Undergrad: 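The structure that follows is given in the form of C-alpha cells.
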Amino acid sequence: MLEVTLPDGSKRQYDAALSVAQIAESIGAGLAKAALAGRINGELVDLSTMVERDAEIAIITERDSDGLEVIRHSCAHLMAQAVQRLFPAAQVTIGPVIEDGFFYDFAFERPFTPEDLEAIEKAMGDIVKEGLEVHRSVMSRDEAVSMFKAMGEEYKVEIIESIPGDEDLSFYKQGDFIDLCRGPHVPNTNKFKAFKLTSVAGAYWRGDSSNAMLQRIYGTAWATPKDLKQYLQRIEEAEKRDHRKLGKQLNLFHFQEEAPGMVFWHPKGWGVYQAVQQYMRKVQNDNGYLEINTPQLVDYSLWERSGHAAKFSDEMFSVESESRMYAIKPMNCPCHIQVFNQGLKSYRDLPMRLAEFGSCHRYEPSGSMHGLMRVRAFVQDDGHIFCTEDQIQSEVAKFMDLLFAVYKDFGFDEVILRLSTRPEKRVGSDEIWDQSEQSLKDALNATGLPWELVPGEGAFYGPKIECSLKDCMGRILQCGTIQVDFNTPGRLGASYVAEDSSRKEPVMLHRAILGSFERFIGVLIEHYAGAMPTWLAPEQAIIMNITDKQADYVREVEAKLAAKGIRVSSDLRNEKVGFKIREHAMQKVPYLLVVGDKEVDSGSVAVRTRGGEDLGVMTVDDFCSHLSDDVALFGRTQSAS
RNA sequence: GCUCGCAUAGCUCAGGCGGUAGAGCACUUCAUUGGUAAUGAAGAGGUCCCAGGUUCAACUCCUGGUGUGAGCACCA
C-alpha cells in the first residue's frame, strides 16, 4: 500500500509501486494525455519515474511554468536530433533552457545557414509526427564514455570526464538519438505544438574565448501556437522600440564611421540629455554632493599608480604629446582623489561627496558596442564619497534611498539589487575584502529588499552593489552601482586627520545612479517608446496655424510660452492641419496646439495630446499651468500619452 | 576581439546569371488657405562603404579593410 497526496490535498491509495504516468492515468484520461512530467516531493521527474512509497505528487502539464521548461529542454533535444539527422558529422555539446526558449551548441565543420535552419525546423516537425517515445536510462561513467567515444562525440566525452566521482549518469533516447541529460523530459516527441528556430550564432565552447567556436542555434518553444504568436509579437514590439531606430526617426542622435561608438547628439537628443543632466545636478546638490570637474587627459603614471593601467591598458585610449604619455580618462575616481588630496582633510570633513558629470573614453571591444547602450565615449553621473569605515553603511543606505527616488521620477518602480564579490584578479588583502563585502551586505540587508549574490563579479578594487531597473517590457537593465573601495585611496596617497590626530586612509565609495547618460537615455527611449514624459520631452509643445492668417498670433503665443521656459516651437508651413498633426504626433511632441480664427479671436489655443486626446480650447495661461502640472509629475505617471 | 550576416538617394528598401540603377517618403518649385494622423502636380537628387584584384567591361565576382547587426567573450 502506498498513499500519494495531490497538490489539492486529496489523497489516493495504490496497491503497489507505479509510475507517475500511471498515477495521472488513474486520475483521468485527459490529465494523462496532457501530462509532460511529474513532481515527487517537490522534485521534477519523468512520467516514467516509479513512485515506491508515500509521497506528494504533482502532474506537470504545459500549463505549469515547469512544464514549459520541460518542453523547452526537450525541444533542444528535438533540435539536436534533427541536426544530426541532416548533418551526421555535427557533434552535440550542450543545450540548455534560456529565457523564452533554448539553444543547442554544435561542433560542425561549417556554420549553419538560414536555409539549414529551415531544413532543421522541418526535420523537427517530421520527428514530432513520428511520435517517438522518449526513454530514460542510466549508465556508469565508464560505459557512457566508451559509448560517446564510439559515436565520435568528443565534447560529450569531455563533459562526462569533467563530472566528478562515480555517480551514475542518466540518458535520454528518442529513436536513434541519445543524449546525456539530467532531465526530466517529455514522454514523446509528439508533445511539441509550437516552436521556432530563431537565430544562429557562434559561441565559445564552455564560454571561454580561448576555446573553439561552436555553432549555436537558438529556438523558442511554447505550450500553444497562440503563446508562440504572442511571443513573436513581443519581439516585434521590442524592435519597434529599439532606441537606435527611434533615435533616427525622432532625430535625436546619430553615429558615423569616423567616430565608432561615440554619439553625435542632435538638438532634440541633446534636449533630452540636458533635461536629464539638469535634473541630476539638482538632485545631487540637494543631497550633499559637491560638483567638480577634472581633466580628460591625465599623465599615464597616474593610471599606473591607481592600478587601472595594469588591468585595462588595452582598453584605454592614450595620447603622446611632447614625449609624455597621457591617457584619456576611462573613469573619474583617480582625479577625484587628486581633488580630495588638496589641502589637509580632517575627519570633520567626512563624508565628503564629490560628484562629476565626467566624460570618459574606453576602447570597448568592437563587438560589444550597441547603440547608446555600450559606447566608447560616455558621461557618467559619477560620484565618490570619501568617508570613514563607520560611515559606510549609512552612506550606502542614503545612496540607495536617493537611487530609488530618482528611478521613480524617471518612471521605474522596480529595482533589482545584486552584490558582486571579489574577483580572481584583484588588489588588496583578503581582510580588506572581507570587510568591504560585509559592509555592503549589511547595507543591503538594511534596505529590507531582496538581493542576489554574484560571486567573483566585483571590481578589481572592491565589491559592488549593482542596481538594475525593469523597463515596461520586463527587461532588466543595470544602471546604478555603489562600490566600496579600501584600496585606491591608499594607492593614491589619500589621508585625513582622525580624532586622535593620527593619519588615516579614507574609504572611497564609487557610485552612480544613472550609470552613463548615453545608456540611460537609451533605456528611457525604449521604455517610453520615444514618447518621453513632458518634463524630458525635447519639444514639449508645438503650435500650428490652420491658414496663413493666424501666423502672427502663433508667433506671439510661441514667444509667450518660450518666455515661461517651455520648450516650444511653431509650424507655420503651408500644409493642411491634419498633415501637421500627424507629423508632430509621430514625432511624439506631448502637446499639439492648433490655432484657427476662433482661437485668435478668443486669445486661446486648441490643445490635443500626441496620443490623440482632445483637451479642448483653453487660454494660453491655462495651458501653461496644465503643462507645468504635467512636468511636476515627472515620470511617475505617464503624461500626455 | 571571435563566428556568421549586412552595407544601393536624406530615410525605408527594391534590383540585376558582369554592360555605371529604381520605388515610396523626405527635399525644391508651382497650384491650393484647407479645423485635428498623409492636398495635387512637376522637378532635382547616386563614386551602388573604402582599397586592391579578375575582366573588353565590376555596384554586381574575388581578396583585404572599415562600419554595422545577431550571438559569444569582455565590461574599471
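Keep in mind that the numbers below use all heavy atoms, side chains included, and drop hydrogens, waters and symmetry copies. These figures come from a predicted structure and were not determined experimentally. Letters A, B, ... are given to chains in the order of the sequence lines, protein chains preceding strands, and every chain is numbered from 1.
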Undergrad: Over how many whole Å does the gap from A/K245 atom NZ to B/rA70 atom P extend?
TA: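 Computing the A/K245:NZ to B/rA70:P distance gives 12 Å.
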Undergrad: Hey, what are the protein-to-nucleotides 10-14 of chain B N/O distances that come in under 3.5 Å?
TA:
| from | atom 1 | to | atom 2 | distance (Å) |
| --- | --- | --- | --- | --- |
| B/rU12 | OP1 | A/K248 | NZ | 3.0 |

Undergrad: What are the two closest heavy atoms between A/R519 and A/Q478, and how far apart are they?
TA: NH2-O, 2.7 Å
Undergrad: So what does A/M544 hit on the nucleic acid, given a heavy-atom distance under 4.0 Å: a base, only sugar-phosphate, or nothing?
TA: nothing
Undergrad: Report yes if the ring of A/Y218 lies under 5.5 Å from the six-membered base ring of B/rG71 with planes under 30°, and no otherwise.
TA: no
Undergrad: Taking everything shown except A/E99 itself, do over 12 heavy atoms lie less than 6.0 Å from its CD?
TA: no
Undergrad: Hey, does A/K268 have a side-chain heavy atom less than 4.5 Å from the side chain of A/Q587?
TA: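 Yes. Closest side-chain heavy atoms under 4.5 Å.
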Undergrad: I'd like the C1' distance from B/rA44 over to B/rC30, given in whole Å.
TA: 14 Å
Undergrad: Which whole-number value in Å describes the distance from A/R216 CZ to B/rG71 P?
TA: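 Taking CZ of A/R216 and P of B/rG71, I get 11 Å after rounding.
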Undergrad: For the C1' atoms, the ones on B/rU20 and on B/rU55, what distance do you get once it is rounded to whole angstrom?
TA: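 Rounded to whole Å, the distance is 16 Å.
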Undergrad: Going by atom types alone, do A/S468 and A/E466 pair a side-chain donor with an acceptor below 3.5 Å?
TA: no
Undergrad: Starting at CG of A/D105 and ending at P of B/rA73, how long is that distance when rounded to a whole Å?
TA: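 Atom-to-atom, A/D105 to B/rA73, this comes out as 10 Å.
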Undergrad: Please give, in whole Å, the distance from B/rG71 P to A/Y204 OH?
TA: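 So the two atoms are 15 Å apart, to the nearest Å.
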Undergrad: If we take the P atom in both B/rG22 and B/rG43, what is their distance in whole Å?
TA: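 These two P atoms come out 15 Å apart once rounded.
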Undergrad: Report each atom pair, protein N/O against N/O of nucleotides 40-48 of chain B, whose distance is under 3.5 angstrom.
TA:
none

Undergrad: Calculate the interatomic distance between A/E575 atom CD and B/rC30 atom C1'; express it in whole Å.
TA: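 About 13 Å, once rounded to whole Å.
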Undergrad: I'd like to check A/R511 versus A/R353 (side-chain heavy atoms, cut-off strictly below 4.5 Å). Are they in contact?
TA: no
Undergrad: Please state the C1' separation for the pair B/rA21 and B/rA14 - nearest whole angstrom.
TA: 11 Å
Undergrad: Tell me the closest heavy-atom pair linking A/A82 and A/I120, and the distance in Å.
TA: CB-O, 3.7 Å
Undergrad: Would you please name every residue forming a ring pair (Phe, Tyr, Trp, His ring centres under 6.0 Å) with A/F520, sequence neighbours left out?
TA: A/F410
Undergrad: Measure all distances between protein nitrogen or oxygen atoms and nitrogen or oxygen atoms of nucleotides 62-69 of chain B, and list the pairs falling under 3.5 Å.
TA:
| from | atom 1 | to | atom 2 | distance (Å) |
| --- | --- | --- | --- | --- |
| B/rU66 | O2' | A/E257 | OE1 | 3.1 |
| B/rG69 | OP1 | A/R244 | NH1 | 2.9 |
| B/rG69 | O3' | A/R244 | NH1 | 3.4 |

Undergrad: Taking B/rG40 as the reference, what is the distance to B/rA26 when you measure between their P atoms (whole Å, please)?
TA: 10 Å
Undergrad: Pick the C1' atom in B/rG24 and in B/rG15, then give their distance to the nearest Å.
TA: 15 Å
Undergrad: Counting distance alone, no hydrogens or angles: does the base of B/rC75 have a donor or acceptor under 3.5 Å from a partner atom on the side chain of A/R362?
TA: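 When only heavy-atom distances are counted, A/R362 does not reach the base of B/rC75 through any donor-acceptor pair under 3.5 Å.
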Undergrad: Suppose you measure atom P in B/rU60 against the same atom in B/rC72; what distance do you get, rounded to whole Å?
TA: 33 Å
Undergrad: Could you tell me the separation between the CE atom of A/M213 and the C1' atom of B/rA70, rounded to a whole number of Å?
TA: 12 Å
Undergrad: In whole Å, I'd like the distance from the CE atom of A/M373 to the C1' atom of B/rA70.
TA: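 Taking CE of A/M373 and C1' of B/rA70, I get 16 Å after rounding.
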Undergrad: Only one of A/L593, A/L627, A/L592 clears side-chain contact (heavy atoms from CB on, under 4.5 Å) with A/V607; which?
TA: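 Filter result, single survivor: A/L593.
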Undergrad: Just the table, please: protein N/O against nucleotides 31-33 of chain B N/O, every pair under 3.5 Å.
TA:
| from | atom 1 | to | atom 2 | distance (Å) |
| --- | --- | --- | --- | --- |
| B/rU32 | N3 | A/N574 | ND2 | 2.9 |
| B/rU32 | O4 | A/N574 | ND2 | 2.1 |
| B/rU33 | O2 | A/D548 | N | 3.0 |
| B/rU33 | N3 | A/D548 | OD2 | 2.8 |
| B/rU33 | O4 | A/D548 | OD2 | 2.9 |

Undergrad: Suppose we call a contact any N or O donor and acceptor under 3.5 Å apart; does that hold for the side chain of A/E599 and the base of B/rG35?
TA: yes
Undergrad: Of all the heavy-atom pairs spanning A/P455 and A/T421, show the shortest one and how long it is.
TA: CA-OG1, 3.1 Å
Undergrad: What distance, rounded to whole Å, do you find between the two C1' atoms, one in B/rG46 and one in B/rC13?
TA: 15 Å
Undergrad: Under a 3.5 Å threshold, yes or no: a donor from one side chain and an acceptor from the other, between A/H384 and A/N332?
TA: no
Undergrad: Give the intermediate values and the outcome of side-chain contact (heavy atoms from CB on, under 4.5 Å) for residues A/Y461 and A/R491.
TA: CA-CA 11 Å; A/Y461 50 68; A/R491 292 175 75 103; over 6 Å; no
Undergrad: Between A/Q550 (CD) and B/rG35 (C1'), how many Å, whole number?
TA: 9 Å
Undergrad: Using only heavy-atom distances, decide whether a donor-acceptor pair under 3.5 angstrom links the side-chain of A/R110 to the base of B/rC4.
TA: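 Counting by modelled atom types and ignoring angles, no donor-acceptor contact under 3.5 Å is found here.
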Undergrad: Let me have RNA chain B in dot-bracket notation, would you? Count Watson-Crick plus G-U wobble pairs, both distances under 3.5 Å, and use [ ] for pairs crossing earlier ones and | for inter-strand partners.
TA: (((((((..((((.....[..)))).(((((.......))))).....(((((..]....))))))))))))....
Undergrad: Any N or O donor-acceptor pair linking the side chain of A/R426 to the base of B/rA76 at under 3.5 Å?
TA: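 Per atom types, no contact qualifies.
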